[in-house]
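Read the structure below first, then the notes.
All values below come from the heavy atoms of this structure, side chains included, with hydrogens, waters and symmetry mates left out. In what follows, every chain begins at residue 1, and chains take the letters A, B, ... in the order their sequences are listed.
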2 protein chains.
Amino acid sequence: MNDESLREAGLKVTIPRVKILEILTANKQRHMSAEDVYKTLLTQREEVSLATVYRVLTQFESVGIVMRHNFEGDHAVFELKENEHHDHLVCVRCGKVEEFVDETIEKRQQQIAKQANFKMTDHALNIYGLCGTCQ
Amino acid sequence: MNDESLREAGLKVTIPRVKILEILTANKQRHMSAEDVYKTLLTQREEVSLATVYRVLTQFESVGIVMRHNFEGDHAVFELKENEHHDHLVCVRCGKVEEFVDETIEKRQQQIAKQANFKMTDHALNIYGLCGTCQ
DNA sequence: AACTTAAATGAGAATCATTTGCATCTGGGC
DNA sequence: GCCCAGATGCAAATGATTCTCATTTAAGTT
């Protein structure tokens with residue numbers, strides 16, 4: 001989550017990348033869209049184009065710094081990839097996202113993939129519903 | 001999966017709707033995009049516009065005839081909603097999709113939602129990886 | 001510190017999936 | 001067969017994301 005992670009990933013340490021990384025770090029709890037990141041940059045008077053935000057986020061994804069999610073069909077959201085994997089509870093009304101990890105489910109998934117002769121590379125479990133506030 | 005299901009859903013029984021329902025039924029194993037459905041209609045010399053395909057699929061989704069998935073970020077796919085819920089194994093290389101149901105996971109999900117005070121309305125578990133053929 | 005070059009960026013055009021406005025058409029009740 | 005709300009076709013509009021290309025810059029080299 002710093003300049004080093006960029007260097008390690010073989011990416012030049014540029015203003016846009018550093019700023020975007022900062023923004024993502026400052027918003028770990030949320031899942032941000034490219035547009036969200038762009039707007040945040042604007043409020044910080046940073047001159048970064050939307051195209052660059054998209055390019056940087058895509059690069060971050062390919063080097064494993066962030067993870068892309070397609071909860072909604074019309075735009076992707078990103079989150080810093082911390083060490084531990086986790087799944088999501090998504091409120092269909094307010095969009096709030098809560099994370100969780102469940103060992104039982106993790107294990108079953110591996111068994112299922114193995115049974116189907118799939119070499120699992122990733123998995124995503126999303127539980128949709130109404131959060132406490134929205135009920 | 002017939003004219004009755006349309007009437008029951010309060011939708012007029014029109015040529016486009018019937019044809020699209022037939023196509024979805026004939027391709028239960030696959031998950032079709034709007035474009036896929038449209039192309040199939042073309043091969044059958046059916047005069048249905050792409051806009052109508054989108055409208056019909058969206059209506060089918062809202063009345064519960066089909067389910068929409070956003071496996072890939074850039075286009076949605078649809079599948080006839082059979083009675084039983086199921087999850088997916090998606091091959092990241094050839095796009096093949098296999099379905100499965102796992103009681104253990106289903107139960108855990110309900111417990112997790114309850115613990116987080118979420119009223120679960122739906123859930124989706126996708127395991128991504130390489131299928132036997134693609135490995 | 002200046003020099004060099006591949007990589008990075010900005011701006012705007014281009015793309016692609018999906019949606020919409022509107023004039024026309026049609027299913028199904030009378 | 002008549003009527004009309006709902007359905008459709010077509011083309012233009014949208015919105016997210018990507019691409020083109022001229023310009024700038026990070027970071028290694030002299």
Considering only heavy side-chain atoms of Ser49(A), the closest of dG27(C), dT17(D), dG10(C) is dG10(C)
Between CG of Leu6(B) and P of dT8(D) the distance, given in whole Å, is 10 Å
Under 4.0 Å, heavy atoms only, any strand: does Glu35(B) hit a base, just the sugar-phosphate, or nothing? nothing
Practice problem: Determine: side-chain N/O of Arg17(A) to OP1/OP2 of dA8(C), distance under 4.0 Å, yes or no. | Solution: yes
Please check the phosphate of dT9(C) (OP1 and OP2 only) for any side-chain N or O of Thr14(A) closer than 4.0 Å.
yes
Out of dT8(D), dG27(C), dT19(C), minimum distance to the side chain of Pro16(B) belongs to dT8(D)
When Gln109(A), Glu103(A), Arg108(A) are each screened for side chain to side chain contact (heavy atoms under 4.5 Å, CB included) with Ile105(A), the one that passes is Gln109(A)
Closest of dA7(D), dA6(C), dT17(D) to the Leu11(B) side chain is dA7(D)
Which of dA27(D), dT17(D), dT20(D) is nearest the side chain of Arg55(A)? It is dT20(D)
(message) Checking the side chain of Arg93(B) only, and the main-chain atoms of Cys131(B) only, is there a donor and an acceptor separated by less than 3.5 Å?
(response) no
Of all heavy-atom pairs linking Gln29(A) and Ala26(A), the shortest is NE2-O, 3.3 Å
Result for 5'-nearest mapping on DNA chain C, choosing between Ala51(A) and Gln59(A), is Gln59(A)
Note: for Val53(A) and Ser33(B) on DNA chain C, the residue whose nearest nucleotide lies more 5' is Val53(A)
Is there a side-chain contact between Tyr54(A) and the phosphate of dT18(D), meaning an N or O under 4.0 Å from OP1 or OP2? no
Exercise. Start with the C-alpha distance between Phe100(A) and His88(A), add both sets of side-chain angles, then the distance that settles ring-ring contact (aromatic ring centres under 6.0 Å, His included), and finish with yes or no.
Key: CA-CA 6 Å; Phe100(A) 70 88; His88(A) 300 90; 7.9 Å; no
From the candidates dG9(D), dA16(D), dG27(C), the one with an atom nearest any side-chain atom of Val48(B) is dG9(D)
inquiry  = Is there a side-chain contact between Thr52(B) and the phosphate of dT8(D), meaning an N or O under 4.0 Å from OP1 or OP2?
reply    = no
Out of dA27(D), dT18(C), dG6(D), minimum distance to the side chain of Arg7(A) belongs to dA27(D)
